Enquirer: 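After the structure tokens below, expect a handful of questions from me.
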Amino acid sequence: MRGAACGALIAMLCGPVAACRAADAQLQPSAVLRVDHLRGATGATADLQIEPAWGERASGKALLRLTRPRLGQAQGGDGAIEADVIEAFALWHGEHVDAKLGKQIVAWGRADGVNPTDNLTPRNFRVQSPYEKDQREGVAALLVNYFPAPQDTVSLFLSPTFRPSRLPLPDTGELVFEDRQPDRGRWPLGLKFDRRGDKLDWSLSYFRGYQLAPEWQAGSGPGGVILHYPKIRVFGADAAVNLGRYGWRGELARVLRDDPAQPGGAHANWTLVTGLDRNFDEDLNVNVQLIVQQNGNLDDVAGIVDGQRRAVARVNAISFHQERERKFGATMRIGKKWLNGTLEAELLAYGYFQPRTSYWRPLLAYALRDDLRLSVGGELFVGRPASYFGSNRSLRGMFVELRYFH
């Protein structure tokens, strides 16, 4: 049954790609099929992409994702094939200006993996993949890049829509969630100045929109939870320095809340991520970062009288790292390659102190062929239940992925 379902996905994936190649090489079609076994479930995902070109100044991109979370199950529920357009935009290239219009992914920040200035487009943390790049999703927007000098870029981002990040929610049957999307009165807006040099890259940014991750608010009935997306403004800066085998990265964000905070809700904060990386040889890299978050005007969660409001306030304190006024964390990423890069190993560790909680992801990947890659690894969530990673201990497990490029 799993083989038949996988075969159907391969047919859906490769058929259109072959047709596109035969019809017009200007479409530049490509596709990726991956089969993942993660946390006891085997699923398949097909990414079909075209990158058409219309002359020298106009081009585009469309990425369609087909997902079947559980192979071997009948159609319906998790056995159904889900379709989602990740990106679909047109791009115009001028001498000093580029303009991109449509559904697109825009990522900001130079830190490794933890980016407090990255607030423009969401992530899907429910996706059946351990890789960060597979979690990114696009939003309908206009992105204009102006190049006043070869090393400088001034960017304007404007979106008429809001799409939040998708987070795994507890399926206990005791909670009833209401996803309360914000009105369209505020269009998410981003401005950025970026300069790239031989050894130093840096940028200044501003964002006005909504928080991508929801805060919990107590609903009207027992077990009722409202998912609310506060209005925010974010002032950011980042920099990266390249000194041969050594590198330094830093990213700083000031997050301000524009609507009144509920008792126990998300509050304004400063977040700094800074660290060093070193290439010991061509095949070994080590990256270490320190995270500091300074929170302001925190609530006395224990002093909230209403039990339901106190419970959601505790969830918010954990989710937004606001258990204390100042919180410290760290990340570490070690990567090693062998056999001319065909065999790769990586260890990712991400954690916070007080309370101590951490996430560990060992990964081993081997290129069986140029178009076929096998990955095995695991995800480990450590900490007490009332902690950032410890609250997700039920999600820990091993994973196996086979990724085919066409």
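Nothing here was measured: the structure is a model prediction, and the numbers come from that model. Side-chain atoms are counted along with the backbone in the values below, which use heavy atoms only and exclude waters and symmetry mates.
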Enquirer: Tell me, with the steps shown, if D47 and R403 meet salt bridge (charged side-chain N to carboxylate O under 4.0 Å, His left out).
Expert: CA-CA 11 Å; D47 288 344; R403 190 173 291 232; 5.8 Å; no
Enquirer: Quick one: does any side-chain atom of D306 pair with a main-chain N or O of R309 as donor and acceptor, under 3.5 Å?
Expert: yes
Enquirer: Do the rings of Y359 and F381 sit parallel, tilted or perpendicular, given the 30° and 60° boundaries?
Expert: tilted
Enquirer: Working note: D283 + K336, criterion salt bridge (charged side-chain N to carboxylate O under 4.0 Å, His left out); need CA distance, chi angles, decisive distance, verdict.
Expert: CA-CA 5 Å; D283 299 318; K336 174 66 177 175; 5.1 Å; no
Enquirer: Give, for atom OG of S159 and atom CG of L143, the distance between the pair rounded to the nearest 0.5 Å.
Expert: 11.0 Å
Enquirer: Hey, does T342 have a side-chain heavy atom less than 4.5 Å from the side chain of Y366?
Expert: yes
Enquirer: Nearest 0.5 Å please: distance from the CD1 atom of I291 over to the CD atom of E251.
Expert: 10.5 Å
Enquirer: Test side-chain contact (heavy atoms from CB on, under 4.5 Å) on R233 and V255; report intermediate values, then the result.
Expert: CA-CA 6 Å; R233 286 176 294 139; V255 181; over 6 Å; no
Enquirer: Would you check if the side chain of R324 reaches a backbone N or O of Q354 as a donor-acceptor pair within less than 3.5 Å?
Expert: yes
Enquirer: If we check salt bridge (charged side-chain N to carboxylate O under 4.0 Å, His left out) with E137, which of these qualifies: R163, R123, R126, R65?
Expert: R163
Enquirer: Side-chain contact, heavy-atom cut-off 4.5 Å: W270 with L272?
Expert: no
Enquirer: Regarding N269 and H321, do their side chains bring together a donor and an acceptor under 3.5 Å, going by distance alone?
Expert: no
Enquirer: Between R208 and D258, does any NZ, NE, NH1 or NH2 come within less than 4.0 Å of an OD or OE carboxylate oxygen?
Expert: no
Enquirer: To the nearest 0.5 Å, how far apart are CZ in F207 and CG in L191?
Expert: 11.0 Å
Enquirer: Keeping T121 on the side-chain end and V139 on the backbone end, is there a donor-acceptor pair under 3.5 Å?
Expert: no
Enquirer: F157 ring centre to K192 NZ or CZ under 6.0 Å, with the angle to the axis within 45°?
Expert: no
Enquirer: Side chains of E87 and K103, heavy atoms from C-beta outward: is any pair under 4.5 Å?
Expert: no
Enquirer: Determine the minimum heavy-atom distance between A140 and P160, stating which atoms define it.
Expert: O-CD, 3.5 Å
Enquirer: Would you say Y146 and T153 make side-chain contact, with heavy atoms under 4.5 Å?
Expert: no
Enquirer: If we only count heavy atoms from C-beta on, is the T45 to V32 side-chain gap below 4.5 Å?
Expert: no
Enquirer: Could you state the interatomic distance from OG (S391) to CZ (R384), rounded to the nearest 0.5 Å?
Expert: 11.5 Å
Enquirer: Can we say D259 and R257 salt-bridge, meaning some charged N sits less than 4.0 Å from an Asp/Glu carboxylate O?
Expert: yes
Enquirer: Is it true that D134 and R34 make a salt bridge, defined as a side-chain N closer than 4.0 Å to a carboxylate O?
Expert: yes
Enquirer: Measuring from Q104:CD to I86:CD1, what's the distance to the nearest 0.5 Å?
Expert: 14.0 Å
Enquirer: Does the side chain of W360 come within less than 4.5 Å of L348's, by heavy atoms?
Expert: no
Enquirer: Please assess V301 against R310 for the test side-chain contact (heavy atoms from CB on, under 4.5 Å), listing each intermediate value before the final yes or no.
Expert: CA-CA 6 Å; V301 175; R310 186 170 59 250; 4.2 Å; yes
Enquirer: Taking Q308 for the side chain and Q217 for the main chain, is one N or O donor matched with an acceptor at less than 3.5 Å?
Expert: no
Enquirer: For the ring pair Y210 and F162, is the centre-to-centre distance below 6.0 Å?
Expert: yes
Enquirer: Hey, does the side chain of N316 reach the backbone of E215 with a donor-acceptor pair shorter than 3.5 angstrom?
Expert: no
Enquirer: Just to verify, what does N285 make a side chain to side chain contact (heavy atoms under 4.5 Å, CB included) with, not counting sequence neighbours?
Expert: D277, N279, N287
Enquirer: Kindly write out the residues that satisfy side chain to side chain contact (heavy atoms under 4.5 Å, CB included) with A330, not counting sequence neighbours, or none if the list is empty.
Expert: F353
Enquirer: Do you know which two heavy atoms are closest between I318 and S387, and how far apart they sit?
Expert: CG2-C, 3.5 Å
Enquirer: Atom CD of residue position Q181 - does it have more than 12 heavy atoms of other residues, nucleotides or ligands inside 6.0 Å?
Expert: yes
Enquirer: Contact between T42 and V35 at the side-chain level, heavy atoms closer than 4.5 Å - yes or no?
Expert: yes
Enquirer: Looking only at side-chain N and O atoms, does H93 offer a donor or acceptor that is under 3.5 Å from a partner on S59?
Expert: yes
Enquirer: Assess whether side-chain contact (heavy atoms from CB on, under 4.5 Å) is satisfied between E82 and R68, documenting all intermediate values.
Expert: CA-CA 6 Å; E82 304 169 2; R68 189 164 183 181; over 6 Å; no
Enquirer: What I want to find out is whether E323 reaches R356 closely enough, with some N-O distance under 4.0 Å, to be called a salt bridge.
Expert: no
Enquirer: With the side chain counted from C-beta on, respond yes when L212 and P164 share a heavy-atom pair under 4.5 Å apart, and no when they do not.
Expert: no
Enquirer: Give the intermediate values and the outcome of side-chain contact (heavy atoms from CB on, under 4.5 Å) for residues V225 and E178.
Expert: CA-CA 6 Å; V225 177; E178 178 189 348; over 6 Å; no
Enquirer: Do D201 and R195 sit within salt-bridge range, that is, some charged N less than 4.0 Å from a carboxylate O?
Expert: no
Enquirer: Regarding K61 and the six-membered ring of F89, is the cationic atom NZ or CZ under 6.0 Å from the ring centre and inside 45° of its axis?
Expert: no
Enquirer: Taking NZ, NE, NH1 and NH2 as the nitrogens, is one of them in D194 or R110 under 4.0 Å from a carboxylate oxygen of the other?
Expert: yes
Enquirer: Hey, is E132 close enough to R361 for a salt bridge, meaning N to O under 4.0 Å?
Expert: yes
Enquirer: Please name the pair of heavy atoms, one in T117 and one in A237, separated by the smallest distance, quoted to 0.1 Å.
Expert: CG2-N, 4.2 Å
Enquirer: More than 12 foreign heavy atoms under 6.0 Å from CZ of F405: is that the case here?
Expert: yes
Enquirer: What is the distance from atom CG of L402 to atom NE2 of H37, rounded to the nearest 0.5 Å?
Expert: 14.0 Å
Enquirer: Measure across P116 and V234 and return the closest heavy-atom pair with its distance rounded to 0.1 Å.
Expert: O-CG1, 4.1 Å
Enquirer: Taking all non-hydrogen atoms of both residues, which atom of G329 and which atom of Y352 are closest, and how far apart?
Expert: CA-CD2, 3.7 Å
Enquirer: What are the two closest non-hydrogen atoms of S165 and F125, and how far apart are they?
Expert: CB-CE1, 4.3 Å
Enquirer: Under a 4.0 Å N-O cut-off, is there an ion pair linking D238 with R249?
Expert: no
Enquirer: I'd like to know if the side chain of T274 pairs up with that of W248 as donor and acceptor (distance under 3.5 Å, no hydrogens or angles considered).
Expert: yes
Enquirer: Measuring centre to centre across the rings, with the benzene-like ring taken for any Trp, is Y350 within less than 6.0 Å of F389?
Expert: yes
Enquirer: For Q294 and R326, which I'm curious about, is there any donor-acceptor pair between the side chains at under 3.5 Å?
Expert: yes
Enquirer: Which pairs of donor and acceptor atoms, one on a side chain in residues 368-378, lie under 3.5 Å apart (sequence neighbours left out)?
Expert:
residue: R369; atom: NE; partner: D371; partner atom: OD1; Å: 2.9
residue: R369; atom: NH2; partner: D371; partner atom: OD1; Å: 3.1
residue: R369; atom: NH2; partner: D371; partner atom: OD2; Å: 3.3
residue: R373; atom: NH2; partner: E344; partner atom: OE2; Å: 3.3
residue: S375; atom: OG; partner: Y131; partner atom: OH; Å: 2.9

Enquirer: Can you tell me if N295 and Q293 form a side-chain donor-acceptor pair at under 3.5 Å?
Expert: yes
